[in-house]
Student: 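Pasting in a structure now, in structure tokens, and then I'll have a few things to ask.
Heads up: numbering here begins at 1 and tracks the sequence.
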Amino acid sequence: MKKIILSLVLVLSLVSCSLDDGEESKVTYDKMPIVSVEAPDTLMFGKQETFKISFLKKTDCHQFYDIAYSFSENKHYITAIAFKRGEQCEVLEGETQEESFKISIQNREAYSFRFWSGVNEEGEDTFIEKEIPVVSMQQ
């Protein structure tokens, strides 16, 4: 009897699951153009510093996901990432969203930041650039 019930539950669970949940289950990730940056004038070595960015939302289906952060040599690249669920979305014109994030300052040299702001006519990435000096903590 237990085997019959177990088999019935297994069959029902397989039948009730659909691999195609429709358009609303499709998720994509997009870079969002950063339009403004609030950053400290100086960075404190050994501390976490807070940055605030504003980025353009492409559609009403886009929701903020995360900040992508990478660096090469002394250049630090920051990109706002949003996920989009669904296909029937309203395009937004000029609507921005603000997010903040922290960066641990671990080098004594000035930080050169590149905030991704979109793509130009030639298809090249464009950036808002900020060079911020690092100061040591006073004792």
Student: With a 6.0 Å cut-off (strictly less than), is the heavy-atom count around CG of N120, excluding the residue itself, greater than 12?
Tutor: yes
Student: Between F64 and F101, is there shared hydrophobic-cluster membership here, with clusters defined by ILVMFWY side-chain heavy atoms closer than 4.5 Å?
Tutor: yes
Student: Under 4.5 Å between side-chain heavy atoms, counting indirect links through other Ile/Leu/Val/Met/Phe/Trp/Tyr residues: same cluster for Y29 and F55 or not?
Tutor: no
Student: Sequence neighbours left out, what passes salt bridge (charged side-chain N to carboxylate O under 4.0 Å, His left out) with E99? Give chain and number order.
Tutor: none
Student: Does one hydrophobic cluster hold both Y111 and I67, with members joined at side-chain heavy-atom distances below 4.5 Å?
Tutor: yes
Student: Quick check on side-chain contact (heavy atoms from CB on, under 4.5 Å): which of I132, I103, I105 does E49 satisfy it with?
Tutor: I105
Student: As a quick check of understanding, evaluate side chain to side chain contact (heavy atoms under 4.5 Å, CB included) for I81 and K31, giving each step before the final call.
Tutor: CA-CA 5 Å; I81 305 294; K31 297 193 291 188; 4.0 Å; yes
Student: Side chain of N74, backbone of A110: donor and acceptor closer than 3.5 Å?
Tutor: yes
Student: Just so I know, are the side chains of V135 and M44 near enough to count as touching, which here means a heavy-atom distance under 4.5 Å?
Tutor: yes
Student: Nearest 0.5 Å please: distance from the OG atom of S100 over to the CD atom of E98.
Tutor: 8.0 Å
Student: Under a 3.5 Å distance rule, please check whether K84 uses its side chain to pair with a backbone N or O of K26 as donor and acceptor.
Tutor: no
Student: Roughly how far apart are R114 CZ and E131 CD, rounded to 0.5 Å?
Tutor: 7.0 Å
Student: Roughly how far, to the nearest 0.5 Å, is the NE2 atom of H62 from the CD atom of Q97?
Tutor: 11.5 Å
Student: Distance from Q88 atom CD to T59 atom OG1, nearest 0.5 Å?
Tutor: 12.0 Å
Student: Would a single hydrophobic cluster contain both V35 and I53, if residues Ile, Leu, Val, Met, Phe, Trp and Tyr are joined by side-chain heavy-atom contacts under 4.5 Å?
Tutor: no
Student: Is any side-chain heavy atom of T126 closer than 4.5 Å to a side-chain heavy atom of V119?
Tutor: no
Student: More than 12 heavy atoms of other residues, nucleotides or ligands under 6.0 Å from NZ of K58: yes or no?
Tutor: yes
Student: Indicate the ring-plane relationship of F83 and Y65, choosing parallel, tilted or perpendicular according to the 30° and 60° boundaries.
Tutor: perpendicular
Student: Test C61 against R85 for side chain to side chain contact (heavy atoms under 4.5 Å, CB included), laying out the working first.
Tutor: CA-CA 6 Å; C61 293; R85 180 171 285 140; 5.9 Å; no
Student: Under a single-linkage definition using a 4.5 Å side-chain heavy-atom cutoff for Ile, Leu, Val, Met, Phe, Trp and Tyr, are I78 and F51 assigned to the same hydrophobic cluster?
Tutor: yes
Student: Atom CD of E109 and atom CD of E73: how far apart are they, to the nearest 0.5 Å?
Tutor: 11.0 Å
Student: Hey, does the Lys NZ or Arg CZ of R108 hover above the aromatic six-ring of F45, less than 6.0 Å from the centre and inside 45° of the axis?
Tutor: yes
Student: Within this structure, what is the OG1-CG distance for the pair T79 and D125, rounded to the nearest 0.5 Å?
Tutor: 8.0 Å
Student: Can W116 and F127 be said to form a side chain to side chain contact (heavy atoms under 4.5 Å, CB included), step by step?
Tutor: CA-CA 5 Å; W116 188 80; F127 300 92; 3.9 Å; yes
Student: Can you confirm whether more than 12 heavy atoms, excluding those of F71, are under 6.0 Å from its CZ atom?
Tutor: no
Student: Could you pull out the closest heavy-atom pair between I34 and S36, with the gap in Å?
Tutor: CG2-O, 3.5 Å
